[in-house]
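Notes for the one structure printed next.
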Amino acid sequence: MRTNLSSKIKLDSIPRRYYAPGDEIEAAALTREEKIDTRIYETIAEGSEGIAEHVVHAMDRAVAKKGKFVMAIGAGNSTMSVYSALIDLYKSGKISFKDTVVFNLTEFYNDGATEGPSTFGSLKENFLDHIDIPAENIHTFNTSCTRADVAAECREYENLMETEGGLDLVLCQVGPHGAIGFNEPGATISSTCRLVLLSAEQRQGVASSYKVDTPPTTALTLGMSNILRANRIITMAWGENRAEIVAQAVEGPATPNVPASLLQNHTRTTLVIDITAAESLTRISHPWMVTTCEWNDKLIRRAIVWLCQQTGKPILKLTNQDYNDHGLGELLAIYGSGYNVNIKVFNELQHTITGWPGGKPDADDTYRPERAKPYPKRVIVFSPHPDDDVISMGGTFKRLVDQHHDVHVAYETSGNIAVGDEDMMRYIMLNDYIAPIFGFDNDNFKQKSKEINDYVANKQPGDMDSQDIRTIKTMIRQAEARTACKFMGVKPENVHFLRLPFYETGAIKKGDLTDKDIAIVRDLILSVKPHQIFVAGDLADPHGTHRVCTDAVFAVIDEFKDEDWMKECKIWMYRGAWAEWEIDHIEMAVPISPEELRFKRNSILKHQSQMENAPFLGDDDRLFWQRAEERNRATAKLYESLGLASYEAMEAFVEYHPIRD
């Protein structure tokens with residue numbers, strides 16, 4: 001059973017030679033806008049294995065030359081898959097770390113306090129405790145010093161690196177805004193090992209990654225000058241939410257505003273990324289600017305939309321001169337004139353627009369994204385968390401219900417860790433007040449209430465919620481989801497809470513997808529045998545839950561793809577909470593009127609625990625309803641700017657086709 005099919009969602013639109021050129025000449029042409037050596041892999045797993053090979057090569061060279069290998073390593077989420085790959089190599093007997101010296105790249109600082117999150121603790125748990133590196137070869141910051149002694153301790157840490165012969169390698173990740181270590185925007189190329197103040201956004205990330213309510217405000221980090229003195233630097237970035245900052249770092253100017261761009265000043269830096277993190281690089285996003293293209297419908301659409309943006313013209317006003325002036329003369333040779341291309345792309349985009357997402361009954365569906373028959377359709381909307389359905393496709397959801405389709409919604413996880421203690425305690429206090437009125441203030445209730453109150457009062461940073469608290473938080477999210485579904489008009493019996501086991505760890509770090517998860521999804525799909533499935537394609541979710549949930553659905557689809565009923569089922573991928581589909585991928589765009597947009601907002605607001613106190617908003621501090629509205633309006637505005645109809649907002653979808661080997 002294949003459980004990683006989400007990684008192949010967009011590969012079919014990107015020719016391999018764009019990201020894996022066949023020879024040095026082709027590579028030089030494709031990468032001429034890139035100022036850092038950038039290696040692109042299809043998947044994170046392949047990229048991590050590639051980095052591990054680079055590390056082993058650097059290790060062998062250093063040990064052969066001077067008897068030891070000295071590296072500074074970061075503890076970012078992206079590095080963990082590399083450490084797993086290195087551990088596998090060690091366990092298979094292919095490498096040894098007995099001659100390796102490690103320096104921690106960053107550490108949190110709490111004015112001498114020993115409690116709280118620790119990058120060193122994370123490195124030990126995920127890497128250092130699993131290899132044969134001698135304990136005396138592992139170095140980290142002295143966080144027990146007073147603030148007055150921090151500067152001296154930082155100099156001592158730098159001196160220790162010099163005593164070891166300097167760094168052979170720095171291994172780290174590119175942060176959300178181009179950070180390297182805790183060198184955030186504004187860090188200069190001459191910055192040294194120092195104490196830094198963590199931004200609100202950094203602290204939010206720390207709170208999420210280390211599951212603490214009160215993250216540190218300061219940290220210690222090697223400076224850019226320390227990093228740039230290393231013989232070799234390998235940095236990495238995974239996922240589409242890093243695509244824009246990767247492009248800025250690799251193709252933009254070297255500037256302290258994007259610290260990763262300062263790596264352009266180092267001649268032996270390699271940036272390793274997966275294909276989704278490469279999406280904004282010129283050779284992937286605008287290949288016509290650096291090479292002859294393998295033109296297909298999607299790439300042509302992307303090129304024409306880009307041309308409209310460059311010229312400020314709608315599609316049907318583009319001229320042959322516009323094509324020639326912007327490097328798209330190839331299309332004129334293929335189609336004979338710009339007018340022919342204009343008509344082709346305009347019609348394609350026009351045909352993506354439909355107010356009937358389930359298909360319009362008794363209508364000619366030749367140029368519609370959905371079939372007219374059967375009508376009504378059985379529909380399953382899979383929602384990773386108990387609010388992704390309304391955030392990402394609330395307008396479409398409502399239309400499907402109003403147009404009398406048999407709509408089921410499946411909430412794949414409980415979402416309980418996203419309920420804050422403050423929101424939960426509101427319900428506990430309410431129950432405490434009403435228990436005497438309704439006569440359930442018995443000894444068992446009082447004991448449970450006391451246990452929960454005491455647990456929350458004494459909860460320490462990093463503590464996992466008790467089972468009772470997780471159950472209550474699950475019930476809160478289920479009640480909110482039921483309220484939103486009732487508001488939508490969904491039949492109560494069509495609301496399904498799957499509670500996939502991979503999620504129920506009680507911690508931010510989740511388990512792996514297993515047969516138990518897939519069996520639950522399989523049972524629902526087989527019981528409904530839908531004509532339509534809507535599934536999250538929003539894979540930039542910072543904690544990976546969306547990807548795992550989507551992989552569970554795709555695994556079942558893959559299992560039954562040759563069954564007649566599955567062949568008749570269309571699978572639509574939605575986005576909205578974290579990103580939006582690029583227009584060259586959109587295959588169905590559902591218009592939303594001003595009234596429908598307000599209805600969508602109100603359905604999102606039914607999820608009260610996910611409003612201002614929602615703990616996992618990611619790098620975007622807008623509330624989910626604000627993100628959804630702005631993205632939906634932006635999609636409609638883009639269609640309008642291209643000369644198509646003007647709508648208040650639009651929700652966009654891409655069809656998923658089962659992978660066939």
Side-chain angles (χ1 to χ4, degrees), residues 31-38 40 72 74-79 105-106 154 170-206 209 215-230 233-273 276-286 289 309 540 542 578-579 617-622 627 630 634:
T31 62
R32 64 174 179 262
E33 298 293 330
E34 299 172 16
K35 304 166 188 173
I36 295 175
D37 175 33
T38 304
I40 304 172
N77 292 334
S78 298
T79 62
L105 186 68
T106 64
C154 287
V170 170
L171 183 65
C172 61
Q173 71 175 27
V174 176
H177 299 292
I180 298 293
F182 281 130
N183 294 285
E184 286 287 316
T188 64
I189 198 169
S190 61
S191 59
T192 58
C193 182
R194 66 199 187 283
L195 181 71
V196 294
L197 183 68
L198 298 179
S199 67
E201 191 170 49
Q202 285 175 310
R203 296 182 71 230
Q204 185 182 59
V206 172
S209 297
T217 58
T218 54
L220 299 166
T221 185
L222 293 187
M224 290 304 300
S225 68
N226 304 120
I227 293 167
L228 290 168
R229 277 200 293 271
I233 300 170
I234 301 176
T235 188
M236 70 206 74
W238 313 128
E240 62 190 77
N241 56 332
R242 291 290 188 272
E244 189 58 39
I245 200 65
V246 162
Q248 292 179 37
V250 172
E251 298 184 348
T255 169
N257 293 332
V258 182
S261 70
L262 298 177
L263 299 179
Q264 295 174 18
N265 295 286
H266 192 278
T267 58
R268 299 195 65 218
T269 289
T270 298
L271 169 62
V272 179
I273 55 180
T276 58
E279 287 180 351
S280 295
L281 292 177
T282 298
R283 58 171 148 152
I284 303 299
S285 61
H286 305 110
M289 298 178 69
Q309 293 170 334
W578 307 102
L617 292 170
D619 301 330
D620 188 338
D621 60 3
R622 293 173 299 170
R627 304 182 193 191
E630 290 177 24

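Computation of the quantities below employed the complete heavy-atom set of this structure, encompassing side-chain atoms and omitting hydrogens, waters and symmetry-equivalent molecules.
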- Between Glu34 and Arg283, is there a salt bridge with N-O shorter than 4.0 Å? yes

- Message: Please enumerate all residues that pass side chain to side chain contact (heavy atoms under 4.5 Å, CB included) together with Ser285, with sequence neighbours excluded.
- Response: Arg302

- Message: Can you give me the closest heavy-atom contact between Pro259 and His177, atom names plus distance?
- Response: CD-O, 4.0 Å

- Task: Just jot down the ring pair (Phe, Tyr, Trp, His ring centres under 6.0 Å) partners of His286, sequence neighbours excluded, or say none.
- Result: Trp288, Trp306

- Supply the atom-to-atom distance Cys172 SG to Ile234 CD1, rounded to the nearest 0.5 angstrom. 9.5 Å

Would you mind writing out the side-chain donor-acceptor pairs for residues 219-229 within the sub-3.5 Å range, not counting sequence neighbours?
unit_1: Thr221; atom_1: OG1; unit_2: Phe182; atom_2: N; d: 3.2
unit_1: Ser225; atom_1: OG; unit_2: Ser191; atom_2: O; d: 2.7
unit_1: Asn226; atom_1: OD1; unit_2: Cys193; atom_2: N; d: 2.9
unit_1: Asn226; atom_1: OD1; unit_2: Gly223; atom_2: N; d: 2.8
unit_1: Asn226; atom_1: ND2; unit_2: Glu158; atom_2: OE2; d: 2.9

- Note on the structure: Closest non-hydrogen contact found for Leu105 with Ala72 is CD1-CB, 4.4 Å

- Message: Go through it in stages, so that I can follow the logic: the residues are Asn265 and Ile189, the test is side chain to side chain contact (heavy atoms under 4.5 Å, CB included), and I'd like the CA-CA distance, side-chain angles, deciding distance and then a yes or no.
- Response: CA-CA 9 Å; Asn265 295 286; Ile189 198 169; 3.4 Å; yes

- Query: Are the side chains of Thr38 and Leu281 in touch, meaning some heavy atoms are under 4.5 Å apart?
  - Reply: yes

- Note on the structure: Hits for salt bridge (Lys or Arg N to Asp or Glu O under 4.0 Å) against Glu630, two or more places apart or cross-chain, chain-then-number order -> Arg622

- Message: Could you measure the distance from the CG atom of Leu263 to the CG atom of Asp37? Nearest 0.5 Å is fine.
- Response: 12.0 Å

- Query: Are the side chain of Arg242 and the backbone N or O of Ala277 linked by a donor-acceptor pair below 3.5 Å?
  - Reply: no

- Chi angles and distances behind the side chain to side chain contact (heavy atoms under 4.5 Å, CB included) call for Val174, Ile245: CA-CA 8 Å; Val174 176; Ile245 200 65; 4.3 Å; yes

Enumerate, atom names and distances included, each donor-acceptor pair closer than 3.5 Å involving a side-chain atom of residues 246-258, sequence neighbours excluded.
unit_1: Glu251; atom_1: OE1; unit_2: Thr282; atom_2: OG1; d: 2.9
unit_1: Glu251; atom_1: OE2; unit_2: Thr282; atom_2: N; d: 3.0
unit_1: Glu251; atom_1: OE2; unit_2: Thr282; atom_2: OG1; d: 3.2
unit_1: Thr255; atom_1: OG1; unit_2: Asn257; atom_2: N; d: 3.1

- Task: List the steps, then state whether side chain to side chain contact (heavy atoms under 4.5 Å, CB included) holds for Thr218 with Leu198.
- Result: CA-CA 5 Å; Thr218 54; Leu198 298 179; 5.7 Å; no

- Message: So, taking the atom named CD in Glu279 and the one named CD1 in Ile273, what distance separates them when rounded to the nearest 0.5 Å?
- Response: 10.0 Å

- By side chain to side chain contact (heavy atoms under 4.5 Å, CB included), Ser78 pairs with (sequence neighbours left out) Gln173, Met236, Trp238

- Note on the structure: The reported gap from CD1 in Ile36 to OG1 in Thr267 (rounded to nearest 0.5 angstrom) is 12.0 Å

- Among Thr270, Thr79, Ile180, Leu171, which residue meets the side-chain contact (heavy atoms from CB on, under 4.5 Å) test with Thr235? Ile180

- Task: Apply side chain to side chain contact (heavy atoms under 4.5 Å, CB included) to the pair Gln264 and Leu262, showing each step before the final yes or no.
- Result: CA-CA 5 Å; Gln264 295 174 18; Leu262 298 177; over 6 Å; no

